[in-house]
Amino acid sequence: MKEHIRTLLEDLLPLVDFDSDFLFSELDSLGVTTILMALSDEYGIRLEATDATPRNLKSLDSLVALVESKLNEKS
């Protein structure tokens with residue numbers, strides 16, 4: 001899942017370093033919105049503005065954890 005998310009997001013946001021441990025600091029509001037919408041569409045989950053926290057967007061691993069938790073809530 002991690003590599004799939006990386007590929008998806010790198011295609012949408014090519015200037016963002018998804019290996020950064022401070023991913024949130026590299027994102028502007030459009031980048032955050034793009035990530036939330038892309039992951040929502042790709043995984044059929046509902047991500048909202050309240051999910052756009054520094055903790056959830058800290059790194060690629062934290063994004064994967066967010067998607068996994070939403071998928072678990074859904075099932």
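- Closest approach of P14 to D11, counting heavy atoms only: CD-O, 4.1 Å.
- Hydrophobic clustering, with ILVMFWY side chains joined whenever heavy atoms are under 4.5 angstrom apart, keeps M37 apart from L23.
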Exercise. Carefully, step by step, assess K74 and Y43 under the rule side-chain contact (heavy atoms from CB on, under 4.5 Å).
Key: CA-CA 11 Å; K74 186 178 170 185; Y43 291 98; over 6 Å; no

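- By the salt bridge (Lys or Arg N to Asp or Glu O under 4.0 Å) test, E10 is found to be paired with R6, residues two or more places apart in sequence or in another chain being considered.
- Cluster membership check: L12 shares its hydrophobic cluster with I45, using side-chain heavy-atom separations under 4.5 Å among Ile, Leu, Val, Met, Phe, Trp and Tyr.
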Practice problem: Just do the side-chain contact (heavy atoms from CB on, under 4.5 Å) check on L60 and E3 with the steps written out, would you? | Solution: CA-CA 9 Å; L60 188 58; E3 287 308 311; 5.5 Å; no

Quiz item: Where do F18 and T7 land on the side-chain contact (heavy atoms from CB on, under 4.5 Å) test, with the steps shown first?
Solution: CA-CA 10 Å; F18 286 97; T7 303; over 6 Å; no

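- The shortest heavy-atom contact between M1 and V64 is SD-CG1, 4.1 Å.
- Atom-to-atom distance recorded for L30:CG and L13:CG is 7.5 Å, nearest 0.5 angstrom.
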Hey, can you pull the donor-acceptor pairs under 3.5 Å for the side chains in residues 47-59, sequence neighbours left out?
{"residue": "E48", "atom": "OE2", "partner": "R46", "partner atom": "NE", "Å": "2.8"}
{"residue": "D51", "atom": "OD1", "partner": "K70", "partner atom": "NZ", "Å": "3.3"}
{"residue": "D51", "atom": "OD2", "partner": "E48", "partner atom": "N", "Å": "2.8"}
{"residue": "D51", "atom": "OD2", "partner": "K70", "partner atom": "NZ", "Å": "3.4"}
{"residue": "T53", "atom": "OG1", "partner": "N56", "partner atom": "N", "Å": "3.1"}
{"residue": "T53", "atom": "OG1", "partner": "N56", "partner atom": "ND2", "Å": "3.3"}
{"residue": "N56", "atom": "ND2", "partner": "D51", "partner atom": "O", "Å": "2.9"}
{"residue": "S59", "atom": "OG", "partner": "D61", "partner atom": "N", "Å": "3.4"}
{"residue": "S59", "atom": "OG", "partner": "S62", "partner atom": "N", "Å": "3.3"}

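- Taking CG of L39 as the start and CG of L66 as the end, the distance is 7.5 Å to the nearest 0.5 Å.
- Hydrophobic clustering, with ILVMFWY side chains joined whenever heavy atoms are under 4.5 angstrom apart, keeps L63 apart from F22.
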